[in-house]
Asks: 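Could you have a look at this structure, given as structure tokens, before my questions?
Since we're looking at a predicted model, the values are computed, not measured.
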Amino acid sequence: MARPKSAFHEIKRDQILDIAAQCFAERSYPAASMNDIAAASGTSKARLYHYYGGKEAILFDLLDRYTQRLLLLIAQVEATAQRRNLDDRAALHELIRSFLEEYETSATRHVALLHDTKFLSAEPDPALGSDPPVSQRELILDRQRDVVSAVMRALRRAYPQRLNPQNQTAITMMLFGMINWTFTWLRPDGPMSYAAFADEVIGMLERGLAA
């Protein structure tokens, strides 16, 4: 019988993922090596292989956990909106604030999601538990699509008189365009906080989409 992994094992994996995400963001995924990640972790490459079978496994675990986190965030906001009896527009605004709060502390993971998903395996992987089997790449892309679909539904509910089948994709991607690239310019210690920027985004939506 296999011995269950200890809590320390999972904590160490979390630390490795934090460091790997930083390495991928600074060097790019193709250029970063297991040696680079091991050195940044203050450990040996042999020790690193105790936790992950290779750089590809690190990338998948990083994106697997991060996309699950984004979907959980959406579910948490929906539950909060129901508990607080928020209307649809206030629920959307809460979702935008929650996304930007997450982005503030997950910049390097977000860089990996936007830039490095294409490096995941495209071969169907039965170990992922999907029927029919999907690849690691398709699993992450499907979750990204689920995030986009959830935000589109929230926008439709919030501004039903402005969104229609012809413009809903464009407006949804416009919103993501405003918030998804904050890691390139919005600094937590800069003149504008992530919370203040969330209010600016919400203000633009209100001025542009409110009836």
Side-chain angles (χ1 to χ4, degrees), residues 24-25 29 59-60 62-82 86-122 124 128 130 132-186 192 194-211:
F24 297 159
Y29 174 78
L59 178 62
F60 176 67
L62 175 71
L63 298 183
D64 182 39
R65 295 186 188 210
Y66 185 55
T67 51
Q68 288 189 68
R69 170 64 189 153
L70 294 179
L71 291 172
L72 177 61
L73 183 151
I74 292 168
Q76 289 173 335
V77 170
E78 289 176 349
T80 298
Q82 288 186 345
L86 300 180
D87 63 31
D88 290 331
R89 196 171 293 177
L92 171 67
H93 298 169
E94 188 68 20
L95 183 60
I96 292 169
R97 292 188 181 97
S98 295
F99 267 120
L100 283 165
E101 182 180 358
E102 177 66 28
Y103 289 175
E104 182 175 4
T105 58
S106 301
T108 54
R109 282 171 162 75
H110 200 66
V111 171
L113 182 63
L114 294 177
H115 292 167
D116 301 332
T117 300
K118 61 180 177 288
F119 297 115
L120 292 173
S121 171
L128 297 178
S130 178
V134 298
S135 67
Q136 292 182 351
R137 186 188 305 172
E138 192 62 25
L139 176 66
I140 300 304
L141 288 173
D142 280 345
R143 288 189 186 151
Q144 288 181 278
R145 296 179 188 113
D146 289 343
V147 170
V148 171
S149 294
V151 172
M152 185 183 296
R153 289 193 299 271
L155 278 164
R156 283 203 309 260
R157 291 193 298 265
Y159 304 104
Q161 295 179 326
R162 286 288 284 114
L163 267 76
N164 57 58
Q166 286 71 45
N167 69 12
Q168 61 185 9
T169 298
I171 291 174
T172 302
M173 299 317 294
M174 179 186 71
L175 172 56
F176 277 113
M178 284 192 284
I179 68 174
N180 265 6
W181 300 93
T182 46
F183 67 86
T184 64
W185 64 271
L186 186 58
M192 175 174 283
Y194 273 72
F197 179 64
D199 288 338
E200 293 291 340
V201 172
I202 290 165
M204 291 188 70
L205 289 180
E206 282 290 283
R207 291 187 292 273
L209 298 178

Asks: Over 60° means perpendicular and under 30° means parallel, so tell me whether His93 and Tyr159 are parallel, tilted or perpendicular.
Replies: tilted
Asks: Give a yes or no on whether the backbone of Leu186 and the side-chain of Tyr194 come within a donor-acceptor separation of less than 3.5 Å.
Replies: yes
Asks: Checking the side chain of Asp116 only, and the main-chain atoms of Phe119 only, is there a donor and an acceptor separated by less than 3.5 Å?
Replies: no
Asks: Just to verify, what does Phe197 make a ring pair (Phe, Tyr, Trp, His ring centres under 6.0 Å) with, not counting sequence neighbours?
Replies: Trp185
Asks: What are the two closest heavy atoms between Ser106 and Tyr66, and how far apart are they?
Replies: CB-CE1, 3.7 Å
Asks: Looking only at non-hydrogen atoms, find the nearest pair between Ala91 and Ala81 and report the distance.
Replies: CB-CB, 3.8 Å
Asks: How are the rings of Phe99 and Phe176 set to each other: parallel, tilted or perpendicular (split at 30° and 60°)?
Replies: perpendicular
Asks: Any chance you could measure Leu114, atom CG, to Thr184, atom OG1, to the nearest 0.5 Å?
Replies: 10.0 Å
Asks: Considering all heavy atoms of both residues, which atom of Ala90 and which atom of Asp87 are nearest to each other, and what is their separation?
Replies: N-OD1, 2.7 Å
Asks: Could you go through the side-chain contact (heavy atoms from CB on, under 4.5 Å) check for Arg89 and Glu206 one step at a time?
Replies: CA-CA 9 Å; Arg89 196 171 293 177; Glu206 282 290 283; 2.8 Å; yes
Asks: Taking Asn164's backbone N and O only, do any of them form a donor-acceptor pair with Asn167's side chain (distance below 3.5 Å, no angle check)?
Replies: yes
Asks: Taking all non-hydrogen atoms of both residues into account, name the closest pair between Ser121 and Ser135 and its distance.
Replies: O-CB, 3.4 Å
Asks: Applying side-chain contact (heavy atoms from CB on, under 4.5 Å) to Gln168 and Leu155, what does each step give before you reach the verdict?
Replies: CA-CA 8 Å; Gln168 61 185 9; Leu155 278 164; over 6 Å; no
Asks: If you count every heavy atom of other residues, nucleotides or ligands that lies below 6.0 Å from Met174 atom CE, does the total exceed 12?
Replies: yes
Asks: Could you tell me whether the side chain of Leu113 reaches within less than 4.5 Å of the side chain of Thr67, counting heavy atoms only?
Replies: yes
Asks: Could you pull out the closest heavy-atom pair between Ile96 and Ala198, with the gap in Å?
Replies: CG2-O, 4.4 Å
Asks: Can you tell me how far the CD atom of Glu200 sits from the CD1 atom of Ile179, to the nearest 0.5 Å?
Replies: 14.5 Å
Asks: Name all residues meeting the salt bridge (Lys or Arg N to Asp or Glu O under 4.0 Å) criterion together with Arg143; count only those two or more places apart in sequence or in a different chain, and write none if there are none.
Replies: Asp64
Asks: For a quick test of your reading: what N or O donor-acceptor pairs under 3.5 Å do the side chains of residues 70-80 make, sequence neighbours left out?
Replies:
unit_1	atom_1	unit_2	atom_2	d
Thr80	OG1	Gln76	O	2.9

Asks: Identify the heavy atoms of Val148 and Met173 that sit nearest to each other, and give their distance.
Replies: CG1-SD, 4.1 Å
Asks: In Å and rounded to the nearest 0.5 Å, what is the CD1 to CG distance from Ile171 to Leu163?
Replies: 4.0 Å
Asks: Tell me every residue that passes side-chain contact (heavy atoms from CB on, under 4.5 Å) with Thr108, counting only those two or more places apart in sequence or in another chain.
Replies: Ala21, Gln22, Ala25
Asks: Can you say whether the rings of Tyr103 and His110 are parallel (under 30°), tilted (30 to 60°) or perpendicular (over 60°)?
Replies: tilted
Asks: Using the test side-chain hydrogen bond (donor to acceptor under 3.5 Å, both in side chains), find all partners of Asp146 that sit at least two apart in sequence or belong to another chain.
Replies: none
Asks: If a pair satisfies salt bridge (charged side-chain N to carboxylate O under 4.0 Å, His left out) and one of its residues is in residues 95-106, list it, with sequence neighbours excluded.
Replies: Arg69-Glu102, Arg97-Asp199
